[in-house]
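Okay, so here's the structure we're looking at.
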Amino acid sequence: MEASIIRGNLRDRIQNKLACSVIRDRRFLDDEQLLRSEQLAVLEEIFNANVRDAEISEISDHFAPILRNDHPYHLALWGKTGTGKTLTVRFFLNLLAEMCSEQAIPMREVHLDLSTPRPCFRALNDLACLLNASKRYKKGISLEELMLRIEESLADYKGYLVLFVDEVDNIRRDKDTFMSFLVRRLPQAVPSKLILVFASNRLTWPDNLDPRVKSFLRLNELIFKPYDAVDLQKILDIRVRKAINPEAVKPGVIEKIAALASRDHGDARQAVTLLARSACLAEKTGQSITLDLVDRAASEIEQDKYVTMIRTAPVQLQLAMAAVIQAARAHRGSALNSNASYDAYQHLAAMAKIRALTRRAFGDLLNELDMYCFLRAHVFSRGRYGRNREISLDLPAETLKAIESAILLNLGLGRSTQRTLSF
DNA sequence: TGTCCACAGGAAATACGGGGGT
DNA sequence: ACCCCCGTATTTCCTGTGGACA
C-alpha cells in the first residue's frame with residue numbers, strides 16, 4: 001500500500017512536470033549552445049528592437065568609407081562588460097562582410113578575443129593562429145619570429161583587414177610592444193588595408209600607452225552606455241519568447257530581472273543568465289517563475305561565481321583562502337590579523353602536504369584575494385605595536401562555507417577523507 | 001618630540017619549468 | 001640529450017611607515 005502511494009505521487013509529479021514544463025528550448029538561454037547562424041538571428045532580432053541603435057549607426061558611419069573604397073580610421077569602443085560591444089561589432093562586421101562581398105570588395109575580419117588576461121606573447125600567438133600563420137606555442141619562440149610570421153601570412157593580401165581586438169586592456173606586460181606592432185609596424189609591413197577596432201572596458205586605457213604609439217594612433221572613439229532596464233527588458237523578452245513557456249512566467253518577473261541587472265551592472269549576458277537560472281529553479285521545483293525564485297537564483301549565481309573562481313585559482317591562493325576562513329572561525333569576533341592567518345595557512349599547508357610560502361608571498365596572496373573581493377585586507381597601524389593587516393570576511397556565511405568545502409575537496413582534505421580517517 | 005614596533009611592500013635575485021634549436 | 005631562452009613564481013633583502021608611548 002505504501003508503494004502504491006509513492007507510485008501515485010511519483011506519477012503525479014511527472015505529469016505535473018510535463019504539464020507545466022517551464023523551459024521550451026534550453027539552448028536559447030545559453031549563447032554557447034546556439035549555432036552561429038542562430039546567434040546572428042537572435043542578434044538581428046535584438047538590434048531590430050532598436051537596442052544599441054545609436055551605436056550601430058555610428059559604427060556604420062565609421063566604416064562607410066570602405067564601400068567607397070576609402071580607408072577609415074581605427075576605432076575604439078569603450079563600455080563596461082556586457083554592454084554589447086563584442087556582439088554589436090560582430091553583428092556589424094558580419095553585415096559589412098556581406099555587403100562587401102556583394103560589391104566584390106575584398107574584406108577580411110579577424111576577431112582577437114582577449115577576454116582572459118594574457119601577456120603580449122600569447123596575444124600575438126593567438127593572432128598568428130587566427131591568421132593561420134603559426135601553430136600555438138606555449139613558449140620558446142621569440143616575439144620577433146611571431147611578428148614576422150604574421151606579416152608573412154598577410155604579405156599577399158591587398159584587401160581590407162578588420163582586426164577586432166576585444167578587451168585590449170587585458171594585455172599584461174609589454175602592452176607597448178603589442179600595440180606598437182599593431183599600430184606602427186604592421187600597417188607598414190603589409191599591403192593590406194588594416195583597420196583596427198579596439199574594445200575595452202576602461203576609459204583610461206590609452207592614457208598609459210607609449211606616447212609614440214599614442215600619437216601615431218588615429219582613433220575614432222565611441223562609448224557604449226550600459227543597458228538600461230528598458231533595453232534589458234526587450235532583450236529578455238526575446239529570449240523568453242524563444243526559450244520559455246510564456247504561461248510559466250509570473251507577471252513582473254522580467255521587469256524584476258531587468259531592474260536587478262540594470263541596477264547592478266547593466267550587463268545583458270548576466271541578465272540572461274539570471275533568467276536561465278530562475279527558469280532552471282522553477283523547473284526543478286515544478287512551479288512557474290516567481291519573483292521569489294529570481295531572488296534565489298540571483299544569490300545562487302553570486303555564490304557559484306566565487307566557488308568556480310576559487311576552484312580554478314592556483315593552489316596556493318586556495319590554500320590561503322581556506323586558511324583565512326578557518327582562522328576567522330577560530331577567532332570568532334576578535335579581529336583577524338595577518339600573523340594569525342599565516343599560522344593557520346602554515347598549518348593547513350602541512351595538512352595538505354604542500355610547501356608553505358614565505359610571509360612575503362603570503363602577503364601578496366592576501367592582496368590578490370582582496371582584489372577579487374574574497375576578503376578585505378586593510379593595513380593599519382597600532383602605534384608602537386607595529387603595523388598589521390586586518391582581515392575581514394564579508395561574504396555571506398553560506399558562500400564562505402561553499403568556498404571552503406570546494407577548496408578542501410580540491411586539496412584532498414574534503415569530507416570523504418575526513419570520514420575515512422574517523423573510521 | 002623622538003623612538004621604535006612589526007609588518008608592508010618595492011626591487012632584485014633566484015628557482016623553475018617548458019619549449020625550441022641543434 | 002643537451003643547452004639556451006623566455007616567462008613566471010617565489011625568495012631574499014631591504015627600506016618605509018603610522019601612531020602609541022615615554
Problem - Geometric class of the A/Phe63/A/Phe92 ring pair [parallel <30°, tilted 30-60°, perpendicular >60°] - result: tilted
Handout entry: Nucleotide-resolved protein contact map, nucleotides 16-22 of chain C, B/S/- at heavy-atom distance under 4.0 Å
Key = BBBBBSS
Exercise for the section: Could you identify which residues of residues 360-380 of chain A place a heavy atom less than 4.0 Å from some atom of DNA chain C, listed by residue number, or say none? Expected result: A/Arg360, A/Ala361
Practice task
If the plane angle is over 60° it's perpendicular, under 30° parallel, otherwise tilted; pick one for A/Phe374 and A/Tyr372.
Solution key: perpendicular
Practice task
Specify whether A/Phe91 and A/Phe47 have parallel, tilted or perpendicular ring planes, treating 30° as the upper limit for parallel and 60° as the lower limit for perpendicular.
Solution key: tilted
Practice task
Please determine if A/Lys305 and A/Glu302 form a salt bridge, counting it only when a charged side-chain N lies under 4.0 Å from a carboxylate O.
Solution key: yes
Handout entry: Neighbour count above 12 (heavy atom, 6.0 Å) for A/His71 NE2
Key = yes
Handout entry: Degree of bending, the helix from B/dT1-C/dA22 to B/dT22-C/dA1 (end axes from five pairs; round to 10°)
Key = 20°
Handout entry: Partner set under side-chain contact (heavy atoms from CB on, under 4.5 Å) for A/Ala298, not counting sequence neighbours
Key = A/Leu274
Practice task
May I ask you to list the residues of residues 347-357 of chain A, by number, that have any heavy atom positioned under 4.0 Å from an atom of DNA chain B?
Solution key: none
Exercise for the section: Not counting sequence neighbours, which residues clear side chain to side chain donor-acceptor pair (under 3.5 Å) with A/Arg360? List them please. Expected result: A/Asp364
Problem - A/Glu167 side-chain N/O to A/Asp113 backbone N/O, donor-acceptor pair under 3.5 Å - result: no
Problem - A/Ser200 side chain reached by A/Leu77 side chain, heavy atoms, under 4.5 Å - result: no
Handout entry: Distance (rounded to the nearest 0.5 Å) between A/Glu44 CD and A/Asn94 CG
Key = 9.5 Å
Exercise for the section: Provide, to the nearest angstrom, the distance between the CG atom belonging to A/Leu317 and the C1' atom belonging to C/dA9. Expected result: 13 Å
Exercise for the section: Answer yes or no: is there a donor N or O on one side and an acceptor on the other, between the side chain of A/Ser192 and the main chain of A/Tyr157, under 3.5 Å? Expected result: yes
Exercise for the section: Mind calculating the distance between CZ (A/Arg359) and P (C/dC13) to the nearest angstrom? Expected result: 16 Å
Handout entry: Under-4.0 Å side-chain N/O to phosphate OP1/OP2 contact, A/Asn337 with B/dC7
Key = no
Handout entry: Reported OG1-to-CG distance for the pair A/Thr83 and A/Asp267, which is rounded to 0.5 angstrom
Key = 8.0 Å
Problem - Over-ring placement of A/Arg359 relative to A/Tyr345, 6.0 Å and 45° cut-offs - result: no
